[in-house]
Amino acid sequence: MNGQTPMGLAAAAAAAVRPCRRRLLSSATAAAAATVATATPLFPRCPHPHHHLHGRRLPFLASAASQQQQQSGQTAASPATPPIPSDPRAAVSGNLPFFDRVLFPDTFPVETPPPSSAAACVAAAADEEVASALKAREETEAEREAWRLLRRAVVSYCGEPVGTVAAEDPECTETLNYDQVFIRDFVPSALAFLMRGETEIVRNFLLHTLQLQSWEKTVDCYSPGQGLMPASFKIRAVPLDDNNEAFEEVLDPDFGESAIGRVAPVDSGLWWIILLRAYCKITGDNALQERVDVQTGIKLILSLCLSDGFDMFPTLLVTDGSCMIDRRMGIHGHPLEIQALFYSALRCSREMLVMNDGSKNLLRAINNRLSALSFHIREYYWVDMKKINEIYRYKTEEYSHDATNKFNIYPEQIPSWLVDWIPEKGGYLIGNLQPAHMDFRFFSLGNLWAITSSLTTPKQAEGILSLIDEKWDDLIANMPLKICYPAMEDDEWRIITGSDPKNTPWSYHNGGSWPTLLWQFTLACIKMGRPELARRAIAVAEEKLAADKWPEYYDTRSGRFIGKQSRSYQTWTIAGFLTSKMLLENPELASILTCDEDLELLEGCACCLSKKRTRCSRRAAKSHVVE
């Protein structure tokens, strides 16, 4: 990449930031306290053209009045009603008073210019009507409590908010690592703050975790790649002298060397890229993504993910426990969750990377990987009634370029529960695919994020939501949403999990119900035009979450019991609920996370670059890939 080694890129990233030297002093040192008050923040907030004293401006929601004016045939634009930019980023430099009145009705002074035409009067009246209707809608008691708890979970570093702890349970004395800020856990919190216009905490989080990327990390004298992002970090106060009168705040990251099983968090860097794109799209702060250290951080993550290896497939090869399912659950290999996040991160990176001579090769590698990955997942991970029947009739031990059963899958692998469970209409992406092995379990996060990122075809995305609707009692029931279905039981549980007492059948990662998945379900429903499914799921959750003290997960087949080891006041449960509600109220904001179908990716194929390769499975399957 650009002729630089990963070590050189890491050095450039480290040079772009300053270490925090702000001190926390005891009350006995009055003189030093004045120094604290004048200390320079680690990442000073940069002024943006859309930030004003009366509130924050975000570039995303278009004026409903302008849309109504266009529908009625009024195309003439007046100075009072500027046209809506087609590019969301261009809207940052414009004037969007309607959005401010909707999102901040109590703090934003409405300044309506005198009408210069009849069209302006109509637009102003429509704006006031819509804003009045939205203002009349009051937050429910559950939402008010959720916001109070979310703010209580915020942690600060050098006087500035940098994230939210995993859980803030006053009744639990054993904190373990729930008092740390996890990258994957913070994503729904960040989205809730972004959609409320509170962008500072997200910006600080992105930059501080980026600084941690360049830290030295070792496990038993071995150091992983420079692009690895930490799973979490904690703020600690370290004494500067033996008298313990002066302290320095430091960030203490965990790259997996303290995690159960010592597994590196593969998904952390992918979530960081996805959140960076969401932040830049909703704020219009493109200067952040164009910074040298941010561009370097993106390249380091991609360098780690796109490095050459022995694998024959475009999917990422990872070990068990390297994502949200962070315990042994038989997902080692090419789990769907990692592939969906990988695809989404590649799509986001392609948008944010600055085009220059040093990034051309990287962008070419991204496009090639996106093309191969989308085909691989759509063609080989997808199952429905028709596909399962094909697998049931597979011939095995085929040795040829034209083999139908390319992965030598034995029909006996089809589990008995799947035969009766798969509906006539709809389907899903399986959990994992390796030689002679298909994991037929339904994993919610991977399927939902495949919809969000357009890793699936539109027809497949519709099929996944149809299956969830059809199997509502299995996947949602009393609490959304099953992390995977079905649970492993008996000998299968003992062999695959190692008799894990936390992942017993229908508990925790082994078929437990996780309310935090609600926001990703809402996102997928909005993208596919089925918000009614999300409303049903939110209504189910809202009845219980506050009364049950916002637990981390629920147990039993139908999700009736609070998890036996579940923490109360779990932050991403709280944030997931709030984000879901806000997305339904403002569905336009879903576009900060979603990706549309890119037909150009389907045209690309690495086989076209080689004259020696004459056989390509893509051509045979292309007819139904683009459905």
Side-chain angles (χ1 to χ4, degrees), residues 259-261 263 318-338 381 383-385 387-389 391-392 394 396 407-423 427-447 467-468 470-515 517 551-567:
I260 298 173
V263 179
V318 300
T319 187
D320 226 336
S322 58
C323 52
M324 179 181 176
I325 298 178
D326 56 3
R327 299 172 73 92
R328 182 176 165 189
M329 270 288 291
I331 65 168
H332 57 280
H334 308 89
L336 176 64
E337 176 180 333
I338 290 294
Y381 276 62
V383 293
D384 53 13
M385 177 63 80
K387 182 67 175 181
I388 293 173
N389 203 357
I391 298 173
Y392 182 73
Y394 267 171
T396 59
F407 297 91
N408 199 34
I409 303 299
Y410 298 104
E412 289 76 13
Q413 289 187 22
I414 299 176
S416 57
W417 64 266
L418 183 62
V419 176
D420 297 323
W421 191 76
I422 191 74
Y428 66 99
L429 299 174
I430 61 173
N432 211 327
L433 176 64
Q434 299 183 71
H437 172 67
M438 295 182 79
D439 186 346
F440 287 97
R441 286 176 292 176
F442 176 90
F443 288 85
S444 294
L445 195 156
N447 275 275
L467 179 138
I468 294 175
E470 178 75 17
K471 299 299 178 180
W472 189 272
D473 291 340
D474 292 328
L475 301 176
I476 293 183
N478 292 293
M479 179 56 62
L481 194 67
K482 285 294 178 192
I483 190 171
C484 72
Y485 181 91
M488 294 183 293
E489 299 178 291
D490 303 325
D491 288 342
E492 186 181 26
W493 165 74
R494 281 187 286 271
I495 293 170
I496 293 181
T497 72
S499 300
D500 188 348
K502 195 168 186 177
N503 273 332
T504 53
W506 305 108
S507 179
Y508 203 52
H509 297 143
N510 189 15
S513 299
W514 291 69
L517 295 172
E552 180 182 12
Y553 64 96
Y554 286 76
D555 283 353
T556 74
R557 182 185 291 267
S558 61
R560 293 189 64 187
F561 291 174
I562 298 173
K564 56 186 176 183
Q565 296 188 40
S566 175
R567 293 297 175 109

Here the gap from Leu418 atom CG to Ile388 atom CD1, rounded to the nearest 0.5 Å, amounts to 4.0 Å

Check your understanding: Is the number of heavy atoms from other residues, nucleotides or ligands under 6.0 Å of Phe561 CZ greater than 12?
Key -> no

Separation between OH (Tyr428) and OH (Tyr485), nearest 0.5 Å, reads 10.5 Å

inquiry  = Could you walk me through whether Ile422 and Leu467 satisfy the side chain to side chain contact (heavy atoms under 4.5 Å, CB included) test, starting with their C-alpha distance in whole Å, then the side-chain angles of each, then the deciding distance to 0.1 Å, before giving a yes or no?
reply    = CA-CA 8 Å; Ile422 191 74; Leu467 179 138; 4.1 Å; yes

* Note, Ser507 side chain near Tyr553 side chain (heavy atom, < 4.5 Å) -> yes

Does OH in Tyr392 sit with more than 12 non-hydrogen atoms of other residues, nucleotides or ligands closer than 6.0 Å?
no

Taking every heavy atom of Tyr394 against every heavy atom of Lys387, the minimum-distance pair comes out as OH-NZ, 3.6 Å

Separation between CG (Leu429) and CG (Leu336), nearest 0.5 Å, reads 5.5 Å

I'd like to check Trp514 versus Met479 (side-chain heavy atoms, cut-off strictly below 4.5 Å). Are they in contact? no

**Prompt:** Would you call Leu433 and Phe407 a side-chain contact if the rule is heavy atoms closer than 4.5 Å?
**Reply:** yes

Quiz item: When you measure from the side chain of Tyr508 to the backbone N and O of Asp555, does any donor-acceptor pair fall under 3.5 Å?
Solution: no

Phe442 side chain reached by Ile468 side chain, heavy atoms, under 4.5 Å: yes

**4.5 Å side-chain heavy-atom contact, Tyr554 and Trp506** = no

- [ ] Indicate yes or no: does Arg494 engage Asp491 in a salt bridge with an N to O separation below 4.0 Å.
- [x] yes

Taking the side chain as every heavy atom from C-beta outward, state whether Pro505 and Asn510 have any atom pair closer than 4.5 Å. yes

Distance col, row Ser444:OG vs Leu481:CG, nearest 0.5 angstrom, shows 4.0 Å

Min side-chain heavy-atom separation His509-Cys484 under 4.5 Å:
no

> Would you say Thr396 and Asn408 make side-chain contact, with heavy atoms under 4.5 Å?
Replying inline: yes

Here the side-chain hydrogen bond (donor to acceptor under 3.5 Å, both in side chains) pairs for residues 321-330, sequence neighbours left out, are Arg327-Asp500

side-chain hydrogen bond (donor to acceptor under 3.5 Å, both in side chains) filter on Arg560, not counting sequence neighbours, yields none

NE2 (His332) and CD1 (Ile496) are apart, to the nearest 0.5 Å, by 8.5 Å

Residues 471-488 vs salt bridge (charged side-chain N to carboxylate O under 4.0 Å, His left out), sequence neighbours excluded, gives none

